[in-house]
Amino acid sequence: MDYQAILNVIEKELKQFNPGGKVPDYIPELSAVSPDKFGMHLYCLSGEHFFFGDSSERFSIQSISKVFTLALAKKYGKKIWRRVDVEPSGDPFNSLTQLEKEKGIPRNPFINAGSLVIADILISHLDNPKKELLEFVQLITQDETINYDEEVAASEKKHGYRNIALVNYMKSLGNIENNADEILDFYFYQCSISMSTEQLAKAFMIFANEGRILETNERVIKPNSVKRINAIMQTCGFYDEAGEFSFRVGLPGKSGVGGGIVAVHPQQYAVAVWSPLLNEKGNSEKGMRALEELTTLTGLSIF
Ligand code: GLN
């Protein structure tokens, strides 16, 4: 498959495409990013790399980090699923409404409420969760330069009213063990990690390669965990647009409000795309279009 030729077509077709939408302003630090950025990187199981545009520029991964924290939490046993469900929410990522009816059990680990419970689990199990999360991400990417962006974390902390409400609400319903401020601090840090599409494609290769780092062949998560995490990406990775992403792209994936999307085709490749303008559901519209073109032009998806 000539992936570079396909990526060149996608770049040419979408360069002038104006998706509309906006960069998020509820995290002020993110609103300063140029809406014209556009880059894509595909990392193949063969070890080859294909890319275009701003593919090596770092941006805020935001909710994409929820996949990393879930992978880390999966190492600590099976009790996770008593506290977080695995059903699509059909609601926005920061919604409060389902929690009351469902007694503080979030629908899945990729909406904010679910990821806050995962953060709580990591804080209970790890001596230094921020350090261990960063080391995990550096390990799977094979890149020690990856880091948190303190300014983005501080910017979200100042305006994080929704997440403050979510964690306190769940605490009142008995599904939070640790101090709310400690959980929020960890959560804002995890969301602030800065990575390029190249680094994201490398990191997500473990989900295309049965839990192994491609370069070293080291197994970092069990194949069974990969199966489950990919399934949750497929059904819940795009909040109330998960059906649309499945319909148009046909791969498990995860988005973030920094404009990044990463997707995997098990046994084939991991791919990431970045375009900061978000649609109403908080997903990068141009990014979705680029991935739709990829699976159309290759004629391959998991379906
Ligand atoms: N940090 C963001 C928030 O909590 C992450 C949301 C997202 O990327 N969808 O609102």
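Values below: all heavy atoms of this structure, side chains included; hydrogens, waters and symmetry mates excluded. Note that ligands are numbered from 1 as they come in the structure, with each ligand's atoms numbered from 1 the same way.
Distances between N or O atoms of Val257 and those of ligand 1 include at least one value under 3.5 Å. Considering backbone and side-chain atoms together, Tyr239 places an N or O closer than 3.5 Å to an N or O of ligand 1. For a threshold of 3.5 Å applied to N or O pairs, the pair formed by Ser255 and ligand 1 contains no separation below that value.
Scanning the protein heavy atoms around atom 4 (O) of ligand 1, the nearest turns out to be Tyr187 OH, 2.7 Å. From the protein, the heavy atom lying nearest to atom 10 (O) of ligand 1 is Tyr26 OH, 2.6 Å. The protein heavy atom nearest to atom 7 (C) of ligand 1 is Ser63 OG, 2.5 Å.
Contacts with ligand 1 closer than 4.0 Å are made by side-chain heavy atoms of Glu156 only, the backbone lying farther away. The proximity of Cys191 to ligand 1, defined as any non-hydrogen pair under 4.0 Å, is limited to the side chain. Contacts between Asn94 and ligand 1 below 4.0 angstrom, taking non-hydrogen atoms only, are absent altogether.
Residue-ligand proximity, Phe93 to ligand 1, at heavy-atom distances under 4.0 Å covers atoms 6 (C), 9 (N), 10 (O). The contact set between ligand 1 and Gln62, taken as ligand atoms under 4.0 Å from a residue heavy atom, comprises 1 (N), 2 (C), 5 (C), 8 (O). Here is the list of ligand 1 atoms found below 4.0 Å of a heavy atom in Gly256: 8 (O). Those atoms of ligand 1 with a heavy atom of Asn163 less than 4.0 angstrom away are 3 (C), 4 (O), 10 (O).
In this structure, the ring of Phe50 has its center no less than 6.0 angstrom from the ring center of Tyr269. Taking the six-membered ring for Trp and the full ring otherwise, the centers of Phe204 and Phe68 sit less than 6.0 Å from each other.
A 4.5 Å side-chain heavy-atom check between Gln190 and Ile118 finds every atom pair outside the cut-off.
In the model, Ser192 has no side-chain atom that pairs as donor or acceptor with a side-chain atom of Glu150 under 3.5 Å. Under 3.5 Å, the side chains of Glu48 and Ser46 contain a donor-acceptor pair of N or O atoms. A donor-acceptor pair shorter than 3.5 Å can be found between the side chains of Asp120 and Asn178.
Looking at every heavy atom in both residues, Trp274 comes nearest to Gly260 through CD1-N, 4.0 Å.
Annotation: cation-pi geometry not satisfied between Lys130 and Tyr148 (NZ/CZ under 6.0 angstrom from ring centroid, within 45° of ring axis).
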task = Begin from the C-alpha positions of Lys37 and Phe59 and carry the test side-chain contact (heavy atoms from CB on, under 4.5 Å) through to its verdict.
result = CA-CA 10 Å; Lys37 297 285 181 191; Phe59 57 91; over 6 Å; no
